[in-house]
Amino acid sequence: MSAILTNALVIGVDGGLASYQDAVRAVDDSSLSDNQQADLRRAAWMAAAQTGDRVAYERVLGESVGLVRAVARRQGVPADLLDDVVQETLITIHRVRHTYDPARSYHAWLSAIASRRAIDSLRQSGRRGRRELHEPLAVEQHADERQANDAAEQSERAAALRAAIATLPPGQREAVEQLGLHEHTLAEASALTGRSTGALKVNLHRALKALRNRLHGEH
Amino acid sequence: MADAPNHQSLIHALGADLAPVRRLRPPLWRALGWTLLLTAMAALLVWHYGLTPMLTRWRGAPDLAWAGVGAVLTALVAGWVAFSLGVPGRPVSRAWLVLPPALLWIGASGVGCLRSWVAPDTVVATMAGARGCLEFILAFSLPLSAVLVVWLRRAYPLRPVLTAAMIGVASAAGSASLLEICHEFDAAATDLAVHALAVGLVIGVNALCGGRLLRPRRPVGGM
């Protein structure tokens with residue numbers, strides 16, 4: 001309760017105060033279920049985040065992870081894609097946080113976004129699966145070329161890496177090129193691409209995972 | 001919460017990127033803006049054409065009045081639904097609320113064809129006259145649709161095509177409402193067919209183009 005009251009002090013005059021006070025009064029009401037109280041708490045945090053409160057924002061995002069995973073599981077997202085859906089949803093929340101109305105349920109708002117991201121992820125993984133049907137064969141062929149000399153082997157590896165990078169989605173390819181190949185700093189890459197540093201990090205992380213899978217067949 | 005540490009670095013990065021945001025106004029507020037826009041355009045047309053011809057037609061043939069009321073209600077409800085669909089978490093089922101006023105609009109317009117006399121102060125539309133109606137509805141729908149698309153660009157419609165279709169319904173019904181003020185033709189079958197064609201075109205083009213304009217961009221460039 002004290003954390004919520006602390007957050008009340010940082011909520012600005014941008015329309016969040018009245019609904020937040022309502023929320024605090026409601027949280028005091030013992031007739032509310034735990035879920036309802038948690039929803040009100042997150043609503044208050046998100047309202048504070050809209051005014052720039054970083055602590056409240058990181059709290060509400062932290063608590064959102066479990067909710068997003070639950071929504072994605074209900075949509076039928078397989079376990080290995082859950083983290084991707086969580087990350088996509090967190091980034092989407094960041095982009096559209098101005099659309100949240102603190103007078104309404106945070107859970108409903110979050111669930112709608114997570115559900116959409118989960119469906120997108122399922123569609124994309126289906127498309128990717130069809131595109132990559134024959135890739136394991138190509139990886140096997142590269143793995144068998146043990147007789148080549150070092151220079152030729154290095155050259156082939158570089159070619160395989162270039163080919164694998166070329167198959168990455170544009171955002172991931174951009175992150176690898178800027179951060180990995182050109183060795184730009186995050187700030188430089190962000191300035192060059194117009195993407196946030198957070199988005200670049202996420203893209204690089206995913207790109208490396210995808211490249212490992214493609215070159216070494218890791219899962 | 002056990003999974004949260006896996007995403008902690010992203011959460012910190014997003015937190016570091018946090019800036020205060022201007023909250024999107026509730027759909028009802030934005031629908032009020034839409035209502036005011038239509039009212040202002042109607043006032044301009046009334047100022048130019050006067051109310052008397054329209055009221056005379058309505059007195060002589062009340063079905064025309066009901067069709068006009070249906071068109072106005074359709075425009076307002078569809079506008080509100082479009083704004084609602086722009087906010088995650090609002091029920092998609094609200095789209096059905098457009099149906100009753102649309103049925104009133106379409107039904108009352110259709111009844112006009114069954115009358116055996118021509119409403120006072122009007123004539124039956126020739127093909128040239130009906131083409132004028134088509135041009136009016138298309139010409140007014142274009143800016144109205146553009147305004148709604150612009151107002152919705154800051155929103156986040158999870159169903160962009162349905163939202164764009166609602167924009168089409170709202171702007172087509174809005175144009176038809178405005179046309180009622182200066183409509184010189186009775187509800188003959190040719191005129192109604194042209195109206196239906198114009199409305200269908202506006203909704204179809206909006207669903208096709210507006211859906212793309214409103215489609216949320218991927219948060220991260222890839223995947």
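A quick note: this is a predicted structure, and the numbers were derived from the prediction, not measured. Each chain gets a letter, A, B and so on, in the order the sequences are listed, and its residues count up from 1.
- The residue among A/L110, A/I93, A/V86, A/L67 with the most heavy atom pairs within less than 4.5 Å of chain B is A/V86.
- Nearest heavy atoms, B/D17 versus A/H94: OD2-NE2, 3.1 Å.
- Among all heavy-atom pairs drawn from A/A47 and B/R23, the shortest one is O-NH2, 3.9 Å.
- Annotation: residues 85-99 of chain B contacts chain A through B/V87, B/P88, B/G89, B/R90, B/R94 [non-hydrogen atoms, separation under 4.5 Å].
- Across all their heavy atoms, A/E58 and B/G15 have their closest contact at OE2-CA, 3.7 Å.
- Within the model, atoms OH of B/Y156 and OG1 of A/T92 stand 4.5 Å from one another, a figure rounded to the nearest 0.5 Å.
- B/I11 contributes atom CD1, which lies 13.0 Å from atom CZ of A/R59 (distance to the nearest 0.5 angstrom).
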Steps toward side-chain contact (heavy atoms from CB on, under 4.5 Å) verdict (A/Y100, B/L24): CA-CA 8 Å; A/Y100 175 63; B/L24 198 66; over 6 Å; no
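- When side chains are defined from C-beta on, A/R97 counts as touching B/L18, because their heavy atoms get closer than 4.5 Å.
- With chain B as the partner, the residue from A/A112, A/A175, A/A49 showing the most heavy-atom pairs under 4.5 Å is A/A112.
- Using a 4.5 Å cut-off between heavy atoms, A/R173 makes no contact with chain B at all.
- Closest approach of A/D83 to B/H7, counting heavy atoms only: OD1-NE2, 3.1 Å.
- Within a 6.0 Å radius of CZ in A/R54, more than 12 heavy atoms belonging to other residues, nucleotides or ligands are found.
- Crowding of B/R25 atom CZ: a count of heavy atoms from other residues, nucleotides or ligands under 6.0 Å not exceeding 12.
- Scanning both residues, B/L14 and A/Y57, for their nearest heavy atoms gives O-CE2, 3.7 Å.
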A/H98/B/R22 under side-chain contact (heavy atoms from CB on, under 4.5 Å): CA gap, chis, key distance, verdict: CA-CA 6 Å; A/H98 64 280; B/R22 187 166 52 87; over 6 Å; no
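- Residues of residues 33-47 of chain B lying under 4.5 angstrom from chain A, judged on non-hydrogen atoms, do not exist here.
- For A/S111, no part sits under 4.5 Å from any heavy atom of chain B, backbone or side chain.
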